[in-house]
2 protein chains.
Amino acid sequence: MGISETMKAVSDPQRRTILTLLKGSRLSAGEIAAHLPDLSAATVSYHLSILKKATLVREERYKNYIYYELNASVFEQLLLYFSQFIEEPNEENP
Amino acid sequence: MGISETMKAVSDPQRRTILTLLKGSRLSAGEIAAHLPDLSAATVSYHLSILKKATLVREERYKNYIYYELNASVFEQLLLYFSQFIEEPNEENP
DNA sequence: CCTCAATTTCGAAATATATCTAAATAGATA
DNA sequence: TATCTATTTAGATATATTTCGAAATTGAGG
C-alpha cells in the first residue's frame, strides 16, 4: 500500500513491460518470462512480487501455474493523484 | 526526457513533497528547503535537479534567487500513460 | 572590487534495487 | 510415492540512489 510504493513499482521499465503485456491478457509467470528474454525467471518473479505488493496485479493459481492479471483500480488512484497537478486555478475560490 | 525518468523523479516522497509545495506557489530553492527541515540544502538542490531534468519543474532566476514552478504539461503525459490501463475494452473492435 | 547570501557541485558514505545462479516449494500426474 | 514442471526464495553481487558536509559558483550591493 501507499502511493510511493505504487509509483516505484511502476517506474521500472521491465515492470512497465509486464504491465503492458497484462493489459492484453492474463498470463502465467512463465509466459511473462518468455516475453522478457533478457531476464531470468527468478528476476521476473521478483518483479511480479513488487507489482503484487503494490497491488498493481493480482495472482490466481490454476493447476501448476500462477496467472497474473492487472488490477485497474490502482491505476485510477494514480490518475487521481496526478490530476491534482493539472486542475486549473479556480477564480471563484481565491 | 522519457516516461521512466519522469516516473522515477515523481516516485520519491521528498520530491513529491516539493511538487505539492509548488502546486500552491512558485518558490525559491531556499523556501523549498525551509519546508523540508530533514534535508540539507544540498540534498534539496539535488532533488530539484532531478525534477528539472524530468521537466516536471521549470526554474527562473531573479536577483540572487532561483525560483521553481511546476510544468503542468508533463503531468498530462503521466495521466495519458496511466489511462491506457483503465480504458474499458471496446466491443466494436474485437 | 570585495564580501555576503543563495544555490549548486563534488566526493564520500550509507542504503536500496536489480540481477544472477542455485536451492527450495508446490502441485500434477505417472 | 517418485518425479517432473512451474515458480519462488535465498544468498551474493553489481549498480543506482539518497544523503551529507565542504568547497565552488553566481549574482547583488556596498
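Owing to the predicted nature of the structure, the values given are computational and were not obtained by experimental measurement. Just so we're on the same page: letters track the sequence lines, and every chain starts at 1.
- At a threshold of 4.0 angstrom between heavy atoms, the contacts of S28(A) are confined to the sugar-phosphate backbone, with no base atom among them.
- The side chain of S45(A) contributes an N or O atom lying less than 4.0 Å from OP1 or OP2 of dT8(D).
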Under 3.5 Å, which protein N or O atoms sit close to an N or O of nucleotides 11-17 of chain D? Give each pair with its distance.
none

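- Counted by atom type alone, S4(B) and R16(A) present one or more donor-acceptor pairs between their side chains at under 3.5 Å.
- With DNA chain C read from its 5' end, the first of the two nearest nucleotides for I50(A) and A42(A) is the one closest to I50(A).
- For the 3.5 Å distance criterion, the side chains of T17(A) and T20(A) fail to qualify, holding no donor opposite an acceptor.
- Going from atom CD1 of I66(B) over to atom C1' of dA28(D) covers 14 Å, rounded to whole Å.
- One atom, NZ of K53(A), and another, P of dT8(D), lie 13 Å apart when rounded to the nearest Å.
- With rounding to the nearest 0.5 angstrom, the CG atom of L36(B) is 5.5 Å from the CD1 atom of I18(B).
- For the pair R26(A) (side chain) and Y68(A) (backbone), a donor-acceptor distance under 3.5 Å is absent.
- The side chain of N64(B) sits closest to dT26(D) out of dT8(D), dT19(C), dT26(D).
- The shortest distance between the side-chain N/O atoms of S40(B) and the OP1/OP2 oxygens of dG21(D) is not below 4.0 Å.
- Contact annotation: H47(A) side-chain N/O to dT17(C) OP1/OP2 distance is not under 4.0 Å.
- Using the six-membered ring where Trp is involved, F85(A) and F75(B) have ring planes that are parallel, under 30° apart on the 30 and 60° scheme.
- Surrounding OH of Y81(A) are more than 12 heavy atoms belonging to other residues, nucleotides or ligands, all under 6.0 Å away.
- You'll find that the side chain of A29(B) is closest to dT7(C), out of dC20(D), dA6(C), dT7(C).
- In this structure, the nucleotide among dT8(D), dT8(C), dA28(D) sitting nearest to the side chain of Y68(B) is dT8(C).
- Across the protein-nucleic acid pair, L39(B) atom CG and dT8(C) atom P stand 14 Å apart, rounded to whole Å.
- Each of dG21(D), dT8(C), dA6(C) was ranked by its minimum atom distance to the side chain of Y65(B); first place goes to dA6(C).
- Side chain to side chain, E60(B) and Y67(B) fail the donor-acceptor criterion of an N or O pair below 3.5 Å.
- If you take CG of L48(A) and P of dT8(D), they are 6 Å apart, rounded to a whole angstrom.
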